[in-house]
Amino acid sequence: MSNEFGFLNKQYSSCASCLDRFCAIALLNNEQVSTLQQNCRELSLHKKEHILLEGSFTSHIVYLRSGLVVEYIKGDNGRDQMVQIIKSFSYLGLNSLFGGRINHYSYKALNDVKVCYIDVETFKNLVRGNGDFAYEILVLISKDNLSSHRRFLSINAKQTYGKVADALLYFGNDIFDSNTFTFPVTRDEFGSLLGITRESTSRALAKFQNEGFIKISGSSITLTNTEQLHKISKTG
DNA sequence: CCATTAATTTAGT
DNA sequence: ACTAAATTAATGG
C-alpha cells in the first residue's frame, strides 16, 4: 500500500494480528482479511466526540475496539433520546446496514475510544461471500434486537425508582463488572435512557444514597446494597 | 407518582 | 470567570 500522502502510510496493527478484533474475523480466509485490512481505518477518538451521525449516509460500519459508546437519536424538542450504552468489541451501525442508505442512530464516545471504520461495501461483500461470518453478524443483530425489546418492555413496566435501580444494576453487572464504577453519562443522559427527567434521576440517586444502597463521591458510584436495589428494581 | 418550573449550587474548562 | 450540569423545592396534572 502506498500513496502520495505520507501520513496515510502510517502502519497500524494488521487485522490479522489485532488483539481487539471481533471473534468472527477468525472465520475469514486470508484473502478476506486482507480485503478488510485495505478498507479499514483505525482512529482514536476522545470523550464526547461523535463517531456516526443519524441521517448521514452509511458509508462505514464501525468496529469499537475499546471504550464505551452511547447510541442515541435526535429528539424533536432538542433533547436527544439515548437508546443504549455499547461496550467494546461491538459493531456500530450494523442495524443500519440493510435499512436504507442512511444511519438510523448517532453514536458518541463516552470516554476515549479506539474505533475502526470499515467501508460499508467491503463489509457487505464479506457478509455475502462468507456464510460463517454472516451467521455471526446475524447473531449480533438478533441479540441486539432481543435485548432492546426486553429493555424497553421492562422500562415500560417500571416506575422511576425501579428504572433507576435497574439501570444501576445493569451498569454494575453488564457494563463494568464491578459494583464501583465511574458514571459514564450525565444525569440527563441517564434519565433519557430510562424515559425519565434528570430531576427524577437526581432524586432517585439521592434517595438511594440516603438509604445506604449506593455511595456517590464525585462521578464515582458504588453499589453497596445490590440486594435492596434488586428488590426495588422488581417492586418499585 | 412523577413531570415541570424555577431557583440555587456545583463542576468543568 | 464563565458555562454546563446537578440538586433541591414547590406546584400541578
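All chains are named by letter (A, B, ...) in the order of the sequence lines, taking the proteins before the strands, and each is independently numbered beginning at 1.
- The pair A:Arg187-A:Glu199 does not count as a salt bridge, with every side-chain nitrogen at least 4.0 angstrom from each carboxylate oxygen.
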Summary of protein contacts for nucleotides 3-13 of chain C, nucleotide by nucleotide, where a base hit scores B, a sugar-phosphate-only hit scores S (4.0 Å, heavy atoms): ---SBB-----
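- Using a 4.0 Å cut-off between charged side-chain N and carboxylate O, A:Lys207 and A:Glu211 make a salt bridge.
- Of the residues in residues 155-165 of chain A, those with a non-hydrogen atom less than 4.0 angstrom from any atom of DNA chain B are A:Gln159, A:Thr160.
- A:Leu68 is not listed as a side-chain neighbour of A:Val113, based on a closest heavy-atom distance of 4.5 Å or more.
- Under the 4.5 Å side-chain contact rule for hydrophobic residues, A:Phe98 and A:Tyr63 share a cluster.
- Taking the six-membered ring where tryptophan is involved, the planes of A:Phe181 and A:Phe176 are essentially parallel, since the angle between them stays under 30° and well short of 60°.
- Using bins of under 30°, 30° to 60° and over 60° for the plane-to-plane angle, the ring pair A:Phe123/A:Tyr91 lands in the perpendicular bin.
- Ring orientation note: the planes of A:Phe171 and A:Phe183 are nearly perpendicular, at an angle over 60° on the 30°/60° scale.
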